[in-house]
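Written out below as structure tokens is the structure these notes cover.
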Amino acid sequence: MTTYTNPILDADWSDPDVLRVGDDFYLTASSFGRVPGLPLLHSRDLVNWTLVGHALDRLEPAAEFRTPRHDCGVWAPSLRHHADRFWIFWGDPDQGIFQINAPAIRGPWSRPHLLKAGKGLIDPCPLWDEETGEAYLVHAWAKSRSGIKNRLTGHRMDPDGTELLDEGKVVVDGDRIPGWFTLEGPKLYRHDGWFWIFAPAGGVETGWQGAFRSRGFFGPYEERIVLEQKDTDVNGPHQGGWVRTRSGEDWFVHFQQRGAYGRVVHLQPMRWGADGWPVLGADGAPVTVHRRPALPPQPPAAPATDDHFPGGRHGRQWQWTANPREGWSTQHSADGLRLTCVRSADAHDLRRLPNVLTQRLPGRPATVEVGLRLDSDEPGARAGLAVLGDAFGWIGLQRGSDGSVHLVHRFAEPVAMGAPPTPFGQWGSERDAGHPRPAPEGRARLRIEITPGARCRFLYDVGDGWTPSGPVFAATPWRWVGALLGLFALAPTGQGHAGAATFTHFTVTPS
């Protein structure tokens, strides 16, 4: 194949940054409150990517992430290579700017180091200036925590990446640029004698990509819009990173916000114009189909979705909704994921549970299937397959008070901030989407058919063929995170072990 088609990563790989080391390309993305965090992707051609691991085993401080904080945690990381080490900087909007580093992309990664403490410090990016030996850092601001937005702050940094050397200075003030708002997500580079900051503005759904340049790091900077929607159907094309191949080709990776699907990743050609400014896409408009990078051809690849759970272990694509605890899953000699039915007072609301194992909702129509066996005698114990966002729906099995197991299908509507409690006890609590029916031997096959618009139809098979259940469910994102597919097992509060559930043959098949 001589061309590629955007998006190159058709799922929620939010706020991507990209890096080349030798002939290898690496990408990381926001992981927010999910664990493990900071996904690490690898490619040889900038088009085909595989997930090779995560850089962050647990979120810190650990006590803050014992329960889900879906839109918090790891925001907009920057990935760099310096002094024979890989470096990742990110902002936690409630904690400050963190840094980790490793001798190889697969680690071992250092413990998170808090480089700058404070509320609303987001989107940091370092630069080591090879000409002078000095190091710098630029970051943006989250108004929700700091009351500040639309500006970029710069610091001189110790070259070892452990401390900032000054109080910081505003290097770009978006309020002084007519028509610019929500300036954020900066990426810092040196090129052709200039300091360059690539930074988006205008918001994730309708914004654009800007470029800023200055002869000195602290400015003054001049600006230009270098990528915007124009007459394409790619809304808000912005926030990503520039990468140069070994042969000198320039490319830009960025995201597009697509509602429940989250932020999917596009690849744009890039060149430097006669006036010294970057030109992205087709003269500043995003491309859909384009010539592939001039790199050795690679076999088709994408981050894994299917999982047969060999030996009870789950693949790299899965993340918990909070820091995991010992005993949530059990390794064993056979295939199948065995999840403990964790006791919880929040069993009615999957959004509050830390023990939901998730992966990204596919960005294209697909059919999701999994096998389930409920191995629990605890009344009220349940397990299932979910679509999880600000609203959620799930289908699965539940043990009744009479000892029988039933197929159940439930959903909950989006949480309205400040809404009064509903008749169901908690605002947003789940309710039945279909009538329970017996599940012989406590087994079922579960299916979700995802159609355009992230509309999901739930089906089940308890031995007599596939049967639709309930109305179509429209997946919804959280504020910054796309909807997720989830597997869970839980039980009401009580004493003692509540049993487990076993999941087998998880597949995602394009429709």
Side-chain angles (χ1 to χ4, degrees), residues 305-310 312 314 318 328-330 332 334-342 344 347-348 350 353 355-359 361 366-388 392-412 430-451 456-473 475 484-492 498-509 511:
T305 55
D306 294 1
D307 203 341
H308 295 293
F309 310 113
H314 56 76
W318 297 97
W328 283 358
S329 65
T330 305
H332 50 90
D335 292 347
L337 177 69
R338 188 173 297 163
L339 295 183
T340 300
C341 291
V342 177
S344 174
H348 60 279
L350 298 185
L353 297 178
N355 57 302
V356 182
L357 194 61
T358 67
Q359 65 167 277
L361 189 76
T367 298
V368 181
E369 290 186 12
V370 70
L372 170 62
R373 185 183 71 237
L374 183 61
D375 302 317
S376 172
D377 296 326
E378 181 79 11
R382 66 192 71 168
L385 169 66
V387 176
L388 182 61
F392 69 83
W394 67 272
I395 192 167
L397 299 174
Q398 179 168 315
R399 179 73 67 177
S401 57
D402 62 357
S404 63
V405 176
H406 287 82
L407 190 292
V408 294
H409 179 194
R410 297 194 174 120
F411 76 100
E430 66 183 19
R431 61 189 74 176
D432 285 323
H435 296 292
R437 64 160 297 174
E441 300 179 357
R443 298 173 180 265
R445 293 285 300 169
L446 309 173
R447 175 186 287 181
I448 302 174
E449 295 176 351
I450 307 169
T451 58
C456 304
R457 175 162 302 275
F458 292 79
L459 304 95
Y460 63 89
D461 178 9
V462 290
D464 50 3
W466 289 106
T467 302
S469 177
V472 171
F473 172 79
L484 302 165
L485 298 172
L487 303 176
F488 69 91
L490 55 94
T502 302
F503 296 86
T504 57
H505 306 296
F506 183 93
T507 60
V508 179
T509 306
S511 299

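Worth knowing before you read on, the calculation uses all heavy atoms, side chains too, and leaves out hydrogens, waters and symmetry mates.
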Examine distances only and state if a side-chain atom of [X] and a backbone atom of [Y] form a donor-acceptor pair shorter than 3.5 Å.
X      : Y      : result
His409 : Ser469 : yes
Asn355 : Ala489 : yes
His406 : Val408 : no
Asp306 : Val508 : yes
Gln359 : Thr305 : yes

Do [X] and [Y] touch side chain to side chain, with heavy atoms closer than 4.5 Å?
X      : Y      : value
Gln398 : Arg410 : yes
Trp394 : Phe488 : yes
Leu372 : Leu385 : no
Leu357 : His314 : yes
Ile450 : Ser511 : no
Leu407 : Leu397 : yes
Phe506 : Leu337 : no
Val368 : Thr507 : no

Between atom [atom1] of [X] and atom [atom2] of [Y], what is the distance when rounded to the nearest 0.5 Å?
X      : Y      : atom1 : atom2 : value
Phe411 : Glu430 : CZ    : CD    : 10.0 Å
Thr502 : Arg443 : OG1   : CZ    : 8.5 Å
Glu369 : Thr509 : CD    : OG1   : 6.5 Å
Leu353 : Phe392 : CG    : CZ    : 8.5 Å
Leu339 : Ser376 : CG    : OG    : 12.5 Å
Ile448 : Leu361 : CD1   : CG    : 8.5 Å

Report task. Would you please test Leu350 and Leu490 for side-chain contact (heavy atoms from CB on, under 4.5 Å) and show each step? Result -> CA-CA 10 Å; Leu350 298 185; Leu490 55 94; 4.0 Å; yes

Query raised in the report: Is the His308 ring parallel, tilted or perpendicular to the His505 ring (thresholds 30°, 60°)?
Result: perpendicular

Query - Parallel, tilted or perpendicular, as decided by the 30° and 60° cut-offs, for the rings of Phe309 and Trp318 - result: tilted

Heavy atoms only: give me the nearest [X]-[Y] pair and the separation to one decimal.
X      : Y      : answer
Thr367 : Glu449 : OG1-CG, 4.1 Å
Arg457 : Gly470 : NH1-O, 3.3 Å
Arg447 : Trp466 : NH2-NE1, 3.0 Å
Tyr460 : Arg437 : OH-CD, 2.9 Å
Asp461 : Asp464 : OD1-N, 3.3 Å
Leu446 : Gly396 : CD1-CA, 4.0 Å

Query raised in the report: Would Phe458 and Val387 satisfy side-chain contact (heavy atoms from CB on, under 4.5 Å), going step by step from the backbone distance to the final call?
Result: CA-CA 10 Å; Phe458 292 79; Val387 176; 4.2 Å; yes

